[in-house]
There are 2 protein chains.
Amino acid sequence: MTTINDIAKLANVSRTTVSRVLNNNGYVSDEVRKRIMKIVEETGYIPSLSAKSLRTKKSGVIGVILPKISTETASRVVSGINEVVAGENFQILLTDTELNKEKEIEYIRLLQSRHVDGIILLATNINDRLISTIEGAALPFISLGQDLPGVTSIVYDDYHASVDMTNMLISQGHEKIAFIGVGEEDPSVGIERKKGYFDSLEKHQLPTNDSWIQLGDFSIESGYESMKKIVKRNEGNLPTAVFVVTDRMAIGAMEYLREQGIRIPQDMAVAGIGASTLSQYVTPALTTIDYFNKEAGKKAAELLLQQLKQKKEKEKFIQTYRLIKRDSV
Amino acid sequence: MTTINDIAKLANVSRTTVSRVLNNNGYVSDEVRKRIMKIVEETGYIPSLSAKSLRTKKSGVIGVILPKISTETASRVVSGINEVVAGENFQILLTDTELNKEKEIEYIRLLQSRHVDGIILLATNINDRLISTIEGAALPFISLGQDLPGVTSIVYDDYHASVDMTNMLISQGHEKIAFIGVGEEDPSVGIERKKGYFDSLEKHQLPTNDSWIQLGDFSIESGYESMKKIVKRNEGNLPTAVFVVTDRMAIGAMEYLREQGIRIPQDMAVAGIGASTLSQYVTPALTTIDYFNKEAGKKAAELLLQQLKQKKEKEKFIQTYRLIKRDSV
DNA sequence: CTGAAAGCGCTTACAG
DNA sequence: CTGAAAGCGCTTACAG
């Protein structure tokens, strides 16, 4: 492999000078600069970024920790992150926890050992070990999706999104609104969205009912099963709408309703969250909330890049959202 | 930052010994080993992989070059790759060409400068500069999706998949089968799939017709527009089926048909390729071909890992596929 | 405008 | 079983 020393020898200069040319800093005479560039071209020399990184303590790599790669939300976010960091010549080191909390912590350490310049975590839960690991890492760090204490966080406005969606269903005349949520380990989805639902009902003095409430695990199948339970438990007196906290689970719910010949939206209105491509093309098209995931990814990357340039105070950001009313309601 | 030297000092040994303990090679007395491990724990020491990589010429990182991150195919493949490499403690350095051929070449060089141990390219085109860049890189390299000369390649069986799908439409009694394809820059999708379609028609002595053939650009919208043109040009005498070379474009085509009140499949059968989640939940469910993208990603990663262990001859692999017949036909 | 030297944090023959 | 020394490929004060 050609190294900076080879180039220096071929050009009859010191490697100091070669380095200066390559990095475009310090004075180098035009003549020497040209001579060096020519040799670099000819040899196809590629500088070693490991060596550079060892020396400069900067790697030009951003670590990204995802709960699950093959998810539309994740891929939109990564796409947004990539769009901004690639523009600044950073690359992404990708890491997938497969929803395993231990791996979140493990990967933070791993990314640190790889000398990434910063980390973006698509957070799915909050716990003390996670937070102390982040603090210990002493690295520019952004949490996306959960509000982590002491960490710059970007969160979706889960509470208000959920209130808005429930209000909308109520404004359509629904009084018996079922709910399919997820567990509270994920505070944003599991707690905030549920809270919005209950608060809206309460404000409108509408009844709630345990048999209307089910918990899924984000999968399409779990939406199907949850819907099934709600229908079974309320035969003869079905709720007239169901608010599902993710599009995928909502799609599962719709599938079950279709199988049972329960018409959407005449017999039961369905609403989701996420604005997945799926939501747009199912029949009837699903009413949902767009969280602008790609924009959130961009925002996260921009904040990280800012932090790289100058240490900043930890901040909190709330992403905007948009309710998309479609035929399922 | 704590380094191996700090640990050595604290443990009263040389850094050679610390290195031996950390990497578990060479003889170290149990007593010393324990002493060192204890100090490593206490200090929270994290070895620098840049330094290690500089020294050993191995990084533990696999470069992945994608045409577009936020695509279901890409995310499935990456998920498969990650599953196998993560098991061997490799990470993925992700790179997105945004369908720009120049960037493919640029990123190969970039990944090389980052000392990745190998590269997996989701290839979308074939050209000489690309191939010579790959050869020049002299790195374990896998092409997924296109058969690159001189490079270990995994390809989908585009030709036979396309023949099978067309045969199936014919066996359903269709004699006027329209086709929505893509440009030939992408040989696998643009040439092979088209060839399969034409060969099947020819074998069954069925007519083709220029007004039945359109080219899209992979987007849902382009499927919509292509379908529109086909319908406009054949008013009063529509083909009875349309074979679309990707699910997304097929979804677009279905949308247009629905708008026009052309019933699927009674008035026009629709078939796609890709087995996207979308294809399953759209109404009517789309007949398509499953390419097992995640498996292909796994296979690519396994081949790469094998090459890392021992230089191997370049090989060619053809992925299997499965036709999924659903309500759109 | 240019170069000699030190050093980033590791690993690995080599010697004992 | 353990250590001294060299070296991986860079950058950066420092000196001239």
Side-chain angles (χ1 to χ4, degrees), chain A residues 1-37 39-40 43-61 89 109-117 138-139, chain B residues 1-37 39-40 43-61 89 109-117 138-139:
Chain A
M1 220 186 58
T2 32
T3 73
I4 196 171
N5 282 309
D6 302 328
I7 305 295
K9 252 176 236 157
L10 288 169
N12 258 315
V13 295
S14 74
R15 61 175 180 273
T16 308
T17 304
V18 177
S19 172
R20 278 200 266 262
V21 170
L22 259 24
N23 294 292
N24 230 325
N25 72 30
Y27 301 96
V28 181
S29 74
D30 245 32
E31 189 251 325
V32 170
R33 175 181 307 274
K34 274 177 194 150
R35 183 156 27 114
I36 291 176
M37 286 313 288
I39 293 174
V40 167
T43 54
Y45 164 66
I46 298 181
S48 158
L49 292 183
S50 320
K52 184 168 181 166
S53 149
L54 175 59
R55 183 57 227 248
T56 62
K57 305 287 165 215
K58 286 175 190 163
S59 63
V61 174
N89 289 315
R109 289 175 58 89
L110 180 83
L111 290 171
Q112 206 184 341
S113 77
R114 290 206 181 280
H115 288 172
V116 298
D117 293 335
L139 223 54
Chain B
M1 218 185 59
T2 32
T3 73
I4 197 171
N5 282 310
D6 302 328
I7 305 295
K9 252 175 235 157
L10 288 169
N12 258 315
V13 295
S14 73
R15 61 174 179 273
T16 308
T17 304
V18 177
S19 172
R20 280 200 266 261
V21 170
L22 258 24
N23 295 292
N24 230 327
N25 71 30
Y27 300 95
V28 182
S29 73
D30 245 31
E31 190 250 323
V32 171
R33 174 180 307 275
K34 274 178 195 151
R35 182 154 31 112
I36 291 176
M37 287 313 287
I39 293 173
V40 166
T43 55
Y45 165 65
I46 299 180
S48 159
L49 292 182
S50 322
K52 184 168 183 166
S53 150
L54 175 59
R55 182 59 226 251
T56 61
K57 305 285 164 217
K58 286 175 191 164
S59 63
V61 173
N89 288 316
R109 289 175 58 88
L110 179 84
L111 290 171
Q112 206 184 339
S113 78
R114 289 206 182 280
H115 289 170
V116 299
D117 293 335
L139 222 54

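Protein chains get the first letters and strands the later ones, always in sequence-line order, with residue 1 at the start of each. Bear in mind that the values here come from a model prediction, so they are computed numbers and not experimental data. Computation of the quantities below employed the complete heavy-atom set of this structure, encompassing side-chain atoms and omitting hydrogens, waters and symmetry-equivalent molecules.
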Which nucleotides of nucleotides 10-16 of chain D have their base under 4.0 Å from a protein heavy atom (B), which only their sugar-phosphate (S), and which neither (-), written as one string 5' to 3'? BBB----
Base-pairing string, 5' to 3', of DNA chain C - Watson-Crick or wobble, under 3.5 Å, | interstrand: |||.||||||||.|||
Nearest to the side chain of A:Ser14, which nucleotide is it out of D:dC1, C:dG3, C:dT2? C:dG3
Tell me the interatomic distance from B:Arg114, atom CZ, to D:dG9, atom P, rounded to whole angstroms. 18 Å
Taking only residues two or more places apart in sequence, or in another chain, which ones meet B:Ser53 in a side-chain hydrogen bond (donor to acceptor under 3.5 Å, both in side chains)? A:Ser50
Partners passing side-chain hydrogen bond (donor to acceptor under 3.5 Å, both in side chains) against B:Asn12 (at least two apart in sequence or in another chain): none
Name all residues meeting the side-chain hydrogen bond (donor to acceptor under 3.5 Å, both in side chains) criterion together with A:Thr43; count only those two or more places apart in sequence or in a different chain, and write none if there are none. none
d(NZ, B:Lys57; P, D:dC8) in whole Å: 8 Å
When rounded to the nearest 0.5 angstrom, what is the spacing between CG in B:Leu111 and CG in A:Leu49? 10.0 Å
Heavy-atom nearest nucleotide on DNA chain D for B:His115 versus B:Val32: which residue maps closer to 5'? B:Val32
For A:Arg55, which residues count as a side-chain hydrogen bond (donor to acceptor under 3.5 Å, both in side chains) partner, sequence neighbours excluded? none
Please output the side-chain donor-acceptor pairs of residues 29-36 of chain A that fall under 3.5 Å, not counting sequence neighbours, one pair per line with the distance.
| from | atom 1 | to | atom 2 | distance (Å) |
| --- | --- | --- | --- | --- |
| A:Ser29 | OG | A:Val32 | N | 3.3 |
| A:Arg35 | NH1 | A:Ala11 | O | 2.4 |

Rounded to whole Å, how long is the line connecting atom CD of B:Gln112 with atom P of D:dG9? 14 Å
Taken to the nearest whole Å, CD/A:Glu31 to P/C:dC1 is 12 Å
Ignoring backbone atoms, establish whether A:Thr17 has a side-chain N or O less than 4.0 Å from OP1 or OP2 of C:dC1. no
Which residues satisfy the side-chain contact (heavy atoms from CB on, under 4.5 Å) test with B:Lys58, sequence neighbours excluded? B:Thr56, B:Asp117
Output all residues satisfying side-chain contact (heavy atoms from CB on, under 4.5 Å) with B:Leu22, sequence neighbours left out; order by chain, then residue number. B:Val18, B:Val40, B:Tyr45
